[in-house]
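For reference, the structure is listed below as structure tokens.
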Amino acid sequence: MHHPPAARHGRATPSVLETRSIDFVPPEERRGRVWHQGPFWFSGNFVLTTLVIGFIGPSLGLGVGRSVAAVVLGGCFGTVFMAVHANQGPRLGLPQMIQSRAQFGVRGAVLPFAAVVFVYLGFNVFNVVLAAQGLGQVAGGGPALWYPVLSVVAVVLALVGHDLLHAVQRALSWILIAVFGVLTVGAVVHWWDAPVDVAPAGSQWTAFLATFAAAAGYQISYAVYVSDYSRYLPADADARRVIGWTYAGAASSAVWLMSLGAFLGSRLPGTDAVTALLRAGDGMLPGFGTAAVLVSSLALVGVMGVNTYGAMLTAVSGVDAFRRRRPTAVLRAGAVLAVGAVVLGMALVLPEDYLGSFNTFILLMLYVLVPWTAINLVDYYAVRRGRYSIEDIFDDRGSYGRWAWRGLSCYLVGLAAMLPFLSTTLYTGPVARAMDGADVSFAVGLVVSGGLYGLLALRPAAATGDPGEPGGSDTTGAPGAARSGLSRSGR
């Protein structure tokens, strides 16, 4: 049986660059404070792409009140699923996606890995476009200048790694609160009585659900790397505080910025996010819009580093499943550079009219991530109850196996169950058409995939009398937790 990488290679040597990637973080290297999760996720979510979500409602003919209600409800709902993943980091000491091997098998987990890498790349493409647009309007220059510059900065942040990313996000949080606090108050006061030019484009119910789903999907998308940034916390960190700080940071920034986007989208129709910020800020104080755009662009660069880091971890996990690779600094650096190069290339060929494409991307992302998050959370909280063998996660001959039929089957069944309920520009299912285009597929995916997985996994557990052991060759119970040094309490 293979041992966790941390056990094989010993304690990391102090370095400016983070030395760990997909390997287990041993107790002696645990550090950080629980409250740091709050500002990290606040800044990570307080970016122009979040503001764009707020524009979706007005673009579909939804009034400002209903648009705000849709993004608030959707954002708060979606954040629940991403926040509860935060507790997995301290308990398991592993990045988020590699934990999926316990549900899908060491090689089977590559299926959700592929979807997640697409999510990371897609988000960073939109981030680099928006940041370049903002910096171009403030300082001049076009994509040929800003795309490479922004990509290099994101790569450097990801190379230095976890601690620098946390420090940058904490510093940005205070700047963002100050600048956008003033801008929000000023925008509402200045534009409150402005004529509202939002023409209904169809069913208000359909537009509300589409906006709700986009906001929920956007928040759920963060689930794929939540424990990447909590895995260095001590294993006995209070679960309620870890989840609470994560939820507070991510939900508050989503509610704030999406609501601001809905307001600006209804008052300044036909404008993009950057232009709306410029007009709103300069309308209250000349030059303040420029400052807001600059700060927003810097925040986007920070989250690009976060996404690049997460994409590296997921990509290395996928490669390691088929060809065991020692998690060296060279492998880590190569993966970071590859991610940066792919994002730069994709950004250079992206069409200019990206708002409609972004809405479709958010929905597609929701579809592929909903079954994964449901299965992962049901497995962690209901089936195994936080008890895993870290050794076997890194061993394709271990108890989790190469291909775990329960997780893979439930994932595919969940995706299939969502198809009749989909409503996108590419495809609309029969149930969605009967509901005038309303999309409730995310709810179907959560219930079907999570419920089916729980049913299949808990039945053999009941037969053995051990709720932490679903049975079969792909699981372990308490002994795995003991081997990895994990605590069964404090979850």
Side-chain angles (χ1 to χ4, degrees), residues 43-56 58-59 122-154 157 168 172 175-191 194 197 253 256-305 307 343-344 346-359 361:
S43 297
N45 207 19
F46 208 97
V47 289
L48 287 172
T49 41
T50 309
L51 186 72
V52 169
I53 299 295
F55 281 70
I56 293 174
S59 73
F123 260 122
N124 259 12
V125 168
F126 288 109
N127 287 339
V128 74
V129 171
L130 283 173
Q133 183 182 355
L135 291 171
Q137 294 198 34
V138 171
L145 169 64
W146 291 115
Y147 287 4
V149 170
L150 294 171
S151 298
V152 168
V153 174
L157 290 174
V168 168
L172 282 171
I175 299 172
L176 290 166
I177 290 172
V179 173
F180 274 84
V182 175
L183 184 139
T184 300
V185 173
V188 171
V189 171
H190 184 81
W191 296 100
D197 184 18
S253 54
W256 183 353
L257 213 53
M258 290 180 188
S259 297
L260 178 61
F263 178 80
L264 294 177
S266 66
R267 264 51 180 183
L268 303 171
T271 60
D272 55 57
V274 173
T275 302
L277 280 183
L278 285 170
R279 291 183 60 183
D282 291 343
M284 54 177 290
L285 180 67
F288 193 75
T290 300
V293 170
L294 180 59
V295 170
S296 300
S297 299
L298 294 177
L300 274 173
V301 177
V303 83
M304 283 176 61
N307 288 339
V343 168
L344 177 58
M346 292 175 64
L348 291 172
V349 300
L350 185 74
E352 292 184 4
D353 182 16
Y354 61 85
L355 184 56
S357 301
F358 186 69
N359 185 23
F361 168 70

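We count residues from 1, following the sequence as given.
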Closest non-hydrogen atom pair, Ala262 against Pro58: O-CG, 3.5 Å

Pairwise side-chain contact, Thr275 with Gln137, heavy-atom cut-off 4.5 Å (strictly under): yes

field: Over all atoms of both residues, closest heavy-atom pair of Phe55 and Ala276
entry: CZ-CB, 3.7 Å

message: With rounding to the nearest 0.5 angstrom, report the OG to CH2 distance, Ser151 to Trp146.
response: 12.5 Å

- line: Heavy-atom nearest pair, Ser297 first then Ala131, reads OG-O, 3.6 Å

- request: Would you indicate whether the side-chain heavy atoms of Leu300 and Phe126 approach each other to under 4.5 Å?
  value: no

field: Any side-chain heavy-atom pair of Leu257 and Phe180 under 4.5 Å
entry: yes

- prompt: How long is the span from the CG atom in Leu51 to the OG atom in Ser253, to the nearest 0.5 Å?
  reply: 12.0 Å

- request: Locate the shortest heavy-atom distance separating Met304 from Leu150; write the atom from each residue and the value.
  value: CE-O, 3.8 Å

- prompt: Hey, are the side chains of Ser296 and Leu277 touching, using non-hydrogen atoms and a 4.5 Å cut-off?
  reply: yes

- request: Quickly, which of Asn127, Leu130, Val129 forms a side chain to side chain contact (heavy atoms under 4.5 Å, CB included) with Leu48? Name it, please.
  value: Leu130

field: Residue pairs fulfilling side chain to side chain donor-acceptor pair (under 3.5 Å) with at least one residue in residues 175-184, sequence neighbours excluded
entry: Thr184-Trp256

message: Can you list everything that forms a side chain to side chain contact (heavy atoms under 4.5 Å, CB included) with Val182? Sequence neighbours excluded, please.
response: Met284, Phe288

- prompt: CD1/Ile175 to CZ/Phe46 distance, rounded to the nearest 0.5 angstrom?
  reply: 12.5 Å

message: Less than 4.5 Å apart, side chain to side chain, heavy atoms only: is that true for Leu135 and Val149?
response: no

query: Are the side chain of Asp282 and the backbone of Gly289 linked by a donor-acceptor contact shorter than 3.5 Å?
result: yes

Separation between CD1 of Ile56 and CE of Met258, rounded to the nearest 0.5 Å: 8.5 Å

field: CG on Leu344 to OH on Tyr147, rounded to 0.5 Å
entry: 9.5 Å

message: Give me the atom names and distance for the closest heavy-atom approach of Val301 to Leu157.
response: O-CD1, 3.8 Å

message: On a heavy-atom basis, which atom in Leu183 and which in Ala292 lie closest, and how many Å separate them?
response: CD1-CB, 3.4 Å

